[in-house]
Protein chains: 2
Amino acid sequence: MSRPTIAGVARAAGVSVASVSRVLNGLPATEEMAERVQRAVADLGYVPDSRARSLKVGRTFQLTLAVADVGNPVYVTMMRAVEEVVSAAGYRLVVTTTGPEIVDEVALVRGMARGYADGLLISPIRVDEDLVKSIRECEVPVVVAGNVPAKAGVDTVRANSPKGMLLAVNHLVAKGRRRIAFLNGPADTVPGTARAKGFADALKAHKLQPIAVAEATDFTFTAGRAAAPALLGVKVSAGLPDAVICANDLLAVGLMHELAAAGLEVPADVAVVGMDDSELAEQCFPTLTSVNLGSAERGRRAAELLLARIEDNDRTPRRIVVQPSLSIRRSTP
Amino acid sequence: MSRPTIAGVARAAGVSVASVSRVLNGLPATEEMAERVQRAVADLGYVPDSRARSLKVGRTFQLTLAVADVGNPVYVTMMRAVEEVVSAAGYRLVVTTTGPEIVDEVALVRGMARGYADGLLISPIRVDEDLVKSIRECEVPVVVAGNVPAKAGVDTVRANSPKGMLLAVNHLVAKGRRRIAFLNGPADTVPGTARAKGFADALKAHKLQPIAVAEATDFTFTAGRAAAPALLGVKVSAGLPDAVICANDLLAVGLMHELAAAGLEVPADVAVVGMDDSELAEQCFPTLTSVNLGSAERGRRAAELLLARIEDNDRTPRRIVVQPSLSIRRSTP
DNA sequence: TTGTAGGCGTTATCAG
DNA sequence: CTGATAACGCCTACAA
């Protein structure tokens, strides 16, 4: 006793499959016809097969969101925003994890051609020629939440991390901090390079020299802890920083643990600023001042762009930049 | 210029569609045949349509993992474990969020009949007759990570939270704490009821009375903060607790913030124990002693059960219980 | 080894 | 308004 098909329903209702299909899709039909079909559907517990349906109509009403690391709370924020927009439009959202490897992302984009979903929302952490190429050639509409060259020819929604960096530096300087260090993630990533440059520029704007710059091997809590000594063990001539800006919240929290272990107090001895303003920023202790790079808004707008492009694939690609703000909490004076 | 189909490849290669299909599926073929097909596939950039394929073969090679709240770090742990097992077996994992509403879970389970995936791994937070019914009647194999009545007739993998609770209480008592309170999540949830009973029993085993019990409206950080006053504002006759066990890590972290705000020190004044032993437990400050309910192992074993059931749907349902352990950190003396 | 043809479950077209 | 039937893209007997 396998799943009932539309043919079974038709037989049970004593009508044709075409009529069943029509009733189910709300096309005009007699009162009585609708009645009979509905009953048969209910009796048999019939549920249309989405594969067969999408094979025919060419749409799956599924959208894929691909993120690098489900453990990064910034994606939680983004995911929630995307989910809201997408489900309001009648689509299902499926989330897949790519991991940090770029080849996995390329494989994912290429695999979209297989008809799993009607569109892809991807937030790549590393970008290379292959990825750009795969995105440009992708069979289904793609929207990138992040920075990808214009020649990829896709809609993008990205953060303005240089400006975010400036907000952070302004705030620290206003609070009297001058010995500012930077804890970055891997420099070969898109956010890594953007934030490194943003940091350098922001300090320059204040005519300050960086006290120290360290690079974690990953945008994770563990990597943040591991990289902290590079900031704290600086040679005596340079001295300790009185503030550290971190490329994301996870790194910041990792750093704060090492600061505590080293007997340094936040913010009294060292102020700490994170980026992303994720849920973690208010969960950690002390609560973390963090640059809000607009992850929720980026998610929302990216989802909207994707839906719009599914409607009309000929529109010229838009490149939206979401402006940052600073959420000030207890980790800065 | 839409997607090339297998027919296009056959035409380009000058062979039949059957031959293309065979080459692609690794069935015997001439060296030359394979050669020509491969070239045509590469030239056209052909990618098989998974919908058509699964419509024919009856399998999608996709598995669905449904969780209530992507913001709960315990699911991150579980997700990672599931992903590992599942992808090793050649399946794609898609994650969907149900939210706390039970009707959404039922809708999800029912919707599985539409052929989105070959199996469902669900971790329901609330369970009622409807859900059990939908699970029992589900067209595709279902494995429940959590507690569901045996009559649902499905494989389950669940935690032993009473025993976990006992580990927590034993630890606190060994450290000299006697005035133990409990911060639970909603009592109408599966984990909520199990943990409430576990707490009561564990205290009884030590012949202790609970100092206070509070119930958060949700298993979230925010709800934990909001419920904290109910534990700290107890009437003077009862006094303050010297330890609080929380039903999960998010609640514990929320509570710790309120303790700090009230000028109470952890663990000196109040010891705090969480449950789940999620990533958050070592990210928060002080690091959180937490009952490890085996989320990773539960995820892994649930995934294995699901794969096994897909292989053979006639096997009798197994009900696995994963044993807890205690991860001792700084939030307890 | 290779090709032909039928069918998976659905929707859309075209007669009635 | 309803019913028969041809696709959608693929796999797999079966035949050559």
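First the proteins, then the strands, lettered A, B, ... as listed; each starts at 1.
With D:dA13, D:dC10, D:dT2 as the candidates, the nucleotide lying closest to the side chain of A:A29 is D:dT2. Candidate nucleotides C:dT2, C:dG9, D:dC10 were compared by shortest atom distance to the side chain of B:M33, and C:dT2 ranks first. Listed nucleotides: C:dT2, D:dG9, C:dT11. Nearest to the side chain of A:L55: D:dG9.
For B:R22 and B:P48, each mapped to the nucleotide of DNA chain D holding its nearest heavy atom, the one lying further toward the 5' end belongs to B:P48. Judged by closest nucleotide on DNA chain D, A:V15 is the one of B:A18 and A:V15 placed further toward the 5' end. Heavy-atom nearest nucleotides on DNA chain C were determined for B:S16 and for B:K56, and the one closer to the 5' end corresponds to B:S16.
Phosphate contact (OP1/OP2 of C:dG9, side-chain N/O of A:T5, threshold under 4.0 Å): absent. For A:S21, a side-chain nitrogen or oxygen approaches OP1 or OP2 of C:dT11 to under 4.0 Å. For C:dG3, one of the phosphate oxygens OP1 or OP2 lies less than 4.0 angstrom from a side-chain nitrogen or oxygen of B:S19.
If you take CZ of A:R114 and C1' of D:dG9, they are 13 Å apart, rounded to a whole angstrom. What separates CG of B:L44 from P of D:dG9 is a distance of 14 Å, to the nearest Å. Distance B:Y46 OH to D:dG9 P: 10 Å, rounded to the nearest Å. With rounding to whole Å, B:R53 atom CZ is found 20 Å from D:dC8 atom P. The distance between atom CD of A:E139 and atom C1' of D:dG9, rounded to the nearest whole Å, is 14 Å. When the C1' atom of C:dA12 is taken as reference, atom CZ of A:R59 falls 16 Å away, rounded to whole Å.
By the 4.0 Å N-to-carboxylate-O rule, B:R80 lies close enough to A:D69 to be salt-bridged with it.
In the interface, the side chain of B:R51 is not paired with the base of C:dG9 through any donor and acceptor atom under 3.5 Å apart.
Other residues, nucleotides and ligands place no more than 12 heavy atoms under 6.0 Å from the CZ atom of A:R318.
Distance check, rounded to the nearest 0.5 Å: CD1 of A:I122 to CG of A:L306 gives 12.0 Å.
Looking at heavy atoms from C-beta onward, B:R3 lies in side-chain contact with B:D49 at the 4.5 angstrom threshold.
Of the residues B:V82, B:L305, B:V85, B:V322, the one that meets the side-chain contact (heavy atoms from CB on, under 4.5 Å) test with B:R300 is B:V85.
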